[in-house]
2 protein chains.
Amino acid sequence: MSKNNLEKYLDADNCPVRNVLDRIGDKWSVLVILLLGDADTLRFNEIHKYIGTISQKMLTVTLKKLEADDLIHREIYPQIPPKVEYNLTERGKSLLPNLKNLVSWANEHMVEIKSARATALTSS
Amino acid sequence: MSKNNLEKYLDADNCPVRNVLDRIGDKWSVLVILLLGDADTLRFNEIHKYIGTISQKMLTVTLKKLEADDLIHREIYPQIPPKVEYNLTERGKSLLPNLKNLVSWANEHMVEIKSARATALTSS
DNA sequence: CAGCATCCGGGCAGATACTG
DNA sequence: CAGTATCTGCCCGGATGCTG
């Protein structure tokens, strides 16, 4: 491929990669999507428990962003105590295979990458 | 899939997804990898020019991280003025298809997502 | 040309306390 | 239970200036 069609990466606002990465590139989104992909439906505190290290605040923010992009669906049950369930939308499900591929790649290469990093560190 | 095998997502250090995303999930890494995937070999200032909005500092940081993970190769020509060329390693190339899939997905869904975001905004 | 060193501001993210 | 509100600290990342 020549260098002539590289301009597509330049326009940050309209560059699809950038647009998607700005959302799922954060610390937790992918994790939540994978989790919901496996579990189908989860309540707020279930997600919180599974991820463990995420704060309540960041989980709320993450879920809202994903909901705004229509990647997850939020079902509210008007009860006391309240009950809210989350699951993937069709669009969220369509993203899932791509993420799973990335997971597979990560699984295959993680060990090598870790050792590469270690080497890079000691040589500095 | 049951909830029983969700524990794999919990250990942040050894979770492959987390490990990969911690690296390529930043603002520029994916862009650089895609760029080098298209262009084969680029010099520092060529990358700088193509991305445009990246600062010199962040480009340096990004390239070093990618090099530490052995995703890109750095070839230094001992000349004056100096010349440094970057290209993908085999490992970097193996990641490329996964990223391209993500790009395709992004291309297909960007418009819908943007309108979903707009709706989410006006309803708040 | 290809960086490195330094300074600095804004926003992300954690901790804590409170609520329907 | 599933959040909100607020305060705060810290790190990311931009701008600038300097080097081999």
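Chain naming here is simple, since letters A, B, ... match the order of the sequence lines and numbering starts at 1 in each.
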Is any side-chain heavy atom of B:Arg91 less than 4.5 Å from a side-chain heavy atom of A:Ile113? yes

With side chains defined as the heavy atoms from C-beta onward, is the minimum distance between B:Ile24 and B:Leu99 less than 4.5 Å? yes

For residues 24-36 of chain A, which residue pairs qualify under salt bridge (Lys or Arg N to Asp or Glu O under 4.0 Å), counting only residues two or more places apart or in two chains? A:Asp26-A:Lys65

Value in whole Å for how far the P atom of D:dA2 lies from CG of A:Leu42: 11 Å

Which pair of non-hydrogen atoms, one from B:Ala116 and one from A:Asp70, has the smallest distance, and what is that distance? CB-CB, 4.2 Å

Contact summary for A:Asn101 and B:Asn101, nearest pair of heavy atoms: ND2-ND2, 4.0 Å

Heavy atoms, side chains only, cut-off 4.5 Å: are B:Trp28 and B:Leu63 in contact? no

Ring pair (Phe, Tyr, Trp, His ring centres under 6.0 Å) partners for B:His109, two or more places apart: B:Trp105

Are B:Leu59 and B:Ile76 connected, step by step, through hydrophobic side chains (Ile, Leu, Val, Met, Phe, Trp, Tyr) whose heavy atoms are closer than 4.5 Å? yes

Under 3.5 Å, N/O pairs linking protein and nucleotides 13-15 of chain C:
residue : atom : partner : partner atom : Å
C:dA13  : N7   : A:Lys57 : NZ           : 3.1
C:dG14  : OP2  : A:Ser55 : OG           : 3.4
C:dG14  : N7   : A:Lys57 : NZ           : 3.4
C:dG14  : O6   : A:Lys57 : NZ           : 2.5

Could you point out which residue of B:Ile51, B:Leu88, B:Val30 forms a side-chain contact (heavy atoms from CB on, under 4.5 Å) with B:Leu35? B:Ile51

A:Arg43 vs D:dC1: side-chain N/O to OP1/OP2 distance below 4.0 Å: no

For A:Gln56 and A:His48 the tightest heavy-atom approach is N-NE2, 3.9 Å

Run the numbers on B:Lys49 and B:Glu46 for salt bridge (Lys or Arg N to Asp or Glu O under 4.0 Å), then give the verdict. CA-CA 5 Å; B:Lys49 194 185 70 182; B:Glu46 286 178 315; over 6 Å; no

For A:Ile47 and D:dA2, what is the distance between atoms CD1 and P respectively, to the nearest whole Å? 9 Å

Output the rounded distance in Å from CD (A:Glu85) to P (D:dA2). 9 Å

Please report, rounded to the nearest Å, how far the C1' atom of C:dA2 is from the CG atom of B:Leu63. 11 Å

Figure out the CG/P separation between A:Leu59 and D:dT4, and round it to whole Å. 11 Å

Below the 4.0 Å mark, does D:dG3 have OP1 or OP2 next to a side-chain nitrogen or oxygen of A:Lys64? no

Nearest-Å distance for atom pair CZ/C1', residues A:Phe44 and D:dA2: 6 Å

Ordered by number, residues from residues 67-78 of chain A within less than 4.0 Å of DNA chain C (heavy atoms) are none

Is any NZ, NE, NH1 or NH2 atom of the basic residue among B:Lys64 and B:Glu67 found under 4.0 Å from an Asp or Glu carboxylate oxygen of the other? no

In short, the helix from C:dC1-D:dG20 to C:dG20-D:dC1 is bent end to end, axes from five pairs each side, to 10°, by 50°

Using whole Å, what does the distance between atom C1' of nucleotide C:dC1 and atom OH of B:Tyr86 come to? 11 Å

Identify which one of B:Leu36, B:Val32, B:Leu42 satisfies the side-chain contact (heavy atoms from CB on, under 4.5 Å) criterion when paired with B:Tyr86. B:Leu36

Where B:Thr89 and B:His73 come nearest, the two heavy atoms and their spacing: CG2-N, 3.7 Å

Dump every N/O contact between nucleotides 18-20 of chain C and the protein below 3.5 Å, one line per pair.
none

